2 protein chains.
Amino acid sequence: MSATARVPAHDEMPAGKAESVLAAAEQCFLASGFGAVSMDAIARAAGVSKATVYAHFASKEALFGAVVTRLSERRFGGFSVDALDPRAVEASLTTIAQRFLELILSPEAIALNRIIIGEITRFPVLGEVFWAAGPERTRAQTEAFLGRVAEAGALAVPDARLAAEQFLALARGEIHLRHLLRLDGDIDAATVGGAARHTAATFLRAFSSG
Amino acid sequence: MSATARVPAHDEMPAGKAESVLAAAEQCFLASGFGAVSMDAIARAAGVSKATVYAHFASKEALFGAVVTRLSERRFGGFSVDALDPRAVEASLTTIAQRFLELILSPEAIALNRIIIGEITRFPVLGEVFWAAGPERTRAQTEAFLGRVAEAGALAVPDARLAAEQFLALARGEIHLRHLLRLDGDIDAATVGGAARHTAATFLRAFSSG
DNA sequence: GTCTATACAGTGATAGAC
DNA sequence: GTCTATCACTGTATAGAC
């Protein structure tokens, strides 16, 4: 055995060791959850010693919280439907459903959702963090869009918030739970497109102004 | 079954220690998940020694699998909508949505769902067990009911399977995820009733035969 | 701050007496 | 089958050198 220190291959970011610990912890936790990952494994993946990990994060729980919070905000922060045309109702609704499905069915989002749900008893606050970054944001965006649609007179939407919840529930369908349970493989573009069209069609029938 | 009047010393465990281990493990796993529960804690809760636990279950994993399988089937086996009238569409759909919500939002079902999702990476087969006992069963029941409704001409349902999925997705809404994330307290009868009525009303607008 | 080495508690699982 | 006592191992967290 050589005494030379092993340098991790993809440590190209000059953001310091704290960042590399955080990145390594992200990958480990997403892959295996909280309980199955040891601080040794995280330190090894980050290319630092365990003492260095503890120099930046007080405990495994604190590190987990930091990882989940950052991941939630980074993952769902980009969802926006501001640019869609409220007069092309069916096309825009189909696009919203498709973007929503691609977001929540992405491997990273599914893995994040799994570990939060699984550890919610131990980390109750993470539920609120995740909700604010994810479902709350997508719902608010959709609600605002439906408000613009109603203003344009293209649909009859007496309660935009309820309608947005129902639209997203329809889009989520049973696919989301099937992915959480590992019953379906990776996302298929055709399947997502079909689900998005079914969602928009059913929603339109229920809320058409005629 | 003997006719002799032989009174056991303790009425607490009429079904033997294997059953009491299973019952204790159910409570422990539901309360804290897989990783946070030790075999010592289960043995203590069952009132037996750890060696007795291992005399009946080969490993912690095997015990966990037995618990989850039994719980899934016991919990969701009773869901049936055979007795509902397909001509009283709105009332029957509201009842289905209400029963469905009461089932999936019950504390036991939520806790079961949590630990399965959280440990699905370690126990992939449990996803199939849970799906067959829960979502698959409720969907098949609802689909059969919608088939009878379409036969009676009360609704236009070209694809009963898709319609059943959409109906249950609408019923699940965002409440289910909020409960999984511990964001809502125990179920409120008025809230469930309201959600069930909204579900039935929206579904009826989308699938009315007129 | 970062490393090596280690303290200390807790875990799953088993041996042997009864 | 059931118990008590114990094993081998892994985990988190820390002490002390540099």
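Per chain, numbering begins at 1; letters A, B, ... match sequence-line order. No experiment lies behind these values; they were computed from the predicted model shown.
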Between [atom2] on [N] and [atom1] on [X], what's the gap in Å once rounded to a whole number?
X       : N      : atom1 : atom2 : answer
B:Leu63 : C:dT11 : CG    : P     : 15 Å
A:Phe64 : D:dG11 : CZ    : P     : 17 Å
A:Phe57 : C:dG1  : CZ    : P     : 12 Å
B:Phe29 : C:dG12 : CZ    : C1'   : 12 Å
A:Glu61 : D:dA13 : CD    : P     : 6 Å
A:Lys17 : C:dT2  : NZ    : P     : 5 Å
A:Phe34 : D:dG11 : CZ    : P     : 13 Å
B:Tyr54 : C:dT14 : OH    : C1'   : 10 Å

Can you tell me if A:Ser49 touches the phosphate of C:dC3, counting only side-chain N or O atoms and a distance under 4.0 Å to OP1 or OP2?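 Answer is yes, contact under 4.0 Å.
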Selection from [options] that lies nearest to any side-chain heavy atom of [X]:
X       : options               : answer
A:Ser38 : C:dT6, C:dA13, D:dG11 : D:dG11
B:His56 : C:dT2, D:dT2, C:dC3   : D:dT2
B:Lys60 : C:dA13, D:dT2, D:dA13 : C:dA13
A:Thr52 : C:dA13, C:dC3, D:dT14 : C:dC3

Can you confirm whether A:Thr202 sits close enough to B:Phe207 that some side-chain heavy atom of one is under 4.5 Å from a side-chain heavy atom of the other? yes
For the residue pair A:Phe203 and A:Phe167, categorise the inter-ring angle as parallel (less than 30°), tilted (30 to 60°) or perpendicular (more than 60°). perpendicular
Which part of the nucleic acid does A:Lys50 contact within heavy-atom distance under 4.0 Å: base, sugar-phosphate only, or nothing?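 Touches a base.
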What is the nucleic acid contact for A:Val37, judged by heavy atoms within less than 4.0 Å: base, sugar-phosphate only, or nothing?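 A:Val37: backbone/sugar contact only, no base atoms under 4.0 Å.
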Go nucleotide by nucleotide along DNA chain D from the 5' end; which of A:Ala51 and A:Asp40 gets its closest nucleotide reached first?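 First, find each residue's nearest nucleotide; the 5'-ward one identifies A:Asp40.
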Which atoms form the tightest heavy-atom contact between A:Leu84 and A:Arg148, and what is the distance?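 For A:Leu84 versus A:Arg148, the nearest heavy atoms are O-NH2, 4.4 Å.
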Answer yes or no: is there an ion pair linking B:Arg139 with B:Glu136, defined by an N-O contact shorter than 4.0 Å? yes
Give a yes or no on whether the ring-centroid distance for B:Phe64 and B:Phe57 is below 6.0 angstrom.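 Between B:Phe57 and B:Phe64, which both carry aromatic rings, the centre distance is not below 6.0 Å.
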